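Only a predicted model underlies this, so the values are computations on that prediction, with no experimental measurement involved. When a ligand or atom number is given, it counts from 1 through the structure's own listing order.
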Amino acid sequence: MAAPAVATMHLPSKAMQTLTMSYISRETGATLGAHDVVGATFFIALNMMLAFTVFFALERTSVPTQWKRSVTVAMLVTGIAFWNYIYMKEAWVITQQSPMTYRYTDWLITVPLQIVEFYLILSAVTKVSESLFYKLLLTSVIMLVGGYLGEIGAVSVLCGFVIGMAGWLYIVYEIFFGECGAISGKVGSKAAQSAFNTLRLIVSVGWIIYPLGYYLVYLGPTFTYHSESVVNIVYNVADLVNKGAFGLAIYSAAMTEAR
Ligand SMILES: *C/C=C(C)/C=C/C=C(C)/C=C/C1=C(C)CCCC1(C)C
């Protein structure tokens with residue numbers, strides 16, 4: 001491990017230095033090199049997930065009682081993401097490849113939790129059937145398992161994509177036009193209404209980034225290291241919006257009701 005460090009001292013060019021830096025980071029697995037822009041976005045996302053988690057944990061005490069559980073779930077979502085990002089960042093720095101498995105260990109918990117969130121917001125202000133909850137929960141798991149099976153090659157990538165898309169489209173349909181959408185129209189509370197609308201936007205517009213990434217990697221035009229970098233940067237930003245901003249939307253709705 002001392003060898004590359006000694007070698008760096010008399011390096012002729014900047015390019016060689018960069019190369020050696022990346023060699024060192026691969027060897028130790030701990031150093032985030034200055035060249036590694038994608039690695040930096042992993043690390044930034046990791047830090048922000050921690051900040052969100054602490055914020056929700058502390059602010060949880062100041063929201064009205066019926067909103068406390070929602071803020072707790074928002075805190076769990078960013079907390080679990082924080083934990084997974086520790087490993088994702090490490091995996092990227094060492095391998096310079098997508099930390100696919102850790103993405104799914106994260107999604108498999110955080111996505112169903114966000115579905116729970118929908119239910120909690122609605123049931124805080126109106127009567128919601130339990131079957132709706134289980135329908136949405138099950139569909140979100142099918143969506144993710146489909147994608148996962150496609151990515152590990154247990155089914156064809158196209159088959160995984162179709163299963164995933166079917167699940168996601170069902171969820172979007174349900175929250176806009178199905179039972180879920182119908183209930184939200186009747187909700188009296190302005191705060192719950194606005195929280196629900198934001199979450200709707202996140203599940204429809206915010207979530208579309210993930211199948212787009214899957215499509216680009218496996219079904220789109222020829223895939224290169226650069227497109228893998230782009231996909232990971234986009235995923236990292238999308239996670240901050242879909243998990244962090246998602247929590248903030250709930251928090252601010254809760255606070256308008258407190259006033
Ligand atoms: C915090 C992480 C979130 C909100 C992750 C969401 C992930 C998805 C909505 C993934 C969806 C997929 C499809 C719709 C089809 C292809 C396979 C997936 C799993 C990438």
- Query: What part of Tyr104, side chain from CB on, backbone N/CA/C/O, both or neither, has a heavy atom under 4.0 Å from ligand 1?
  - Reply: side chain

- Query: Considering only heavy atoms, does Val77 approach ligand 1 within less than 4.0 Å through its side chain, its backbone, both, or neither?
  - Reply: neither

- Item | Nearest neighbour in protein (non-hydrogen) for atom 9 (C) of ligand 1 | Met143 CE, 3.5 Å

- In short, Ala191 meets Thr256 closest at the heavy-atom pair CB-OG1, 3.7 Å

- Item | Residue pair Gln114 / Asn242, side-chain donor-acceptor N/O under 3.5 Å | no

- Phe118 with Val205, same ILVMFWY side-chain cluster at under 4.5 Å: no

- Pairwise side-chain contact, Met48 with Ile44, heavy-atom cut-off 4.5 Å (strictly under): yes

Numbered atoms of ligand 1 (with element) below 4.0 Å of [X], judged on heavy atoms:
X      : answer
Gly147 : 17 (C), 19 (C)
Asp239 : 1 (C), 2 (C)
Lys243 : 1 (C), 2 (C), 3 (C)
Val111 : 3 (C), 4 (C), 5 (C), 6 (C)
Gln114 : 4 (C)

- Message: If the threshold is 4.0 Å, N to carboxylate O, is there a salt bridge linking Asp106 and Lys243?
- Response: yes

- Item | Whether Phe161 and Tyr214 hold their rings parallel, tilted or perpendicular, with breakpoints at 30° and 60° | parallel

- Note on the structure: Closest heavy-atom approach to atom 6 (C) of ligand 1 among Trp168, Tyr215, Tyr210 is made by Tyr210

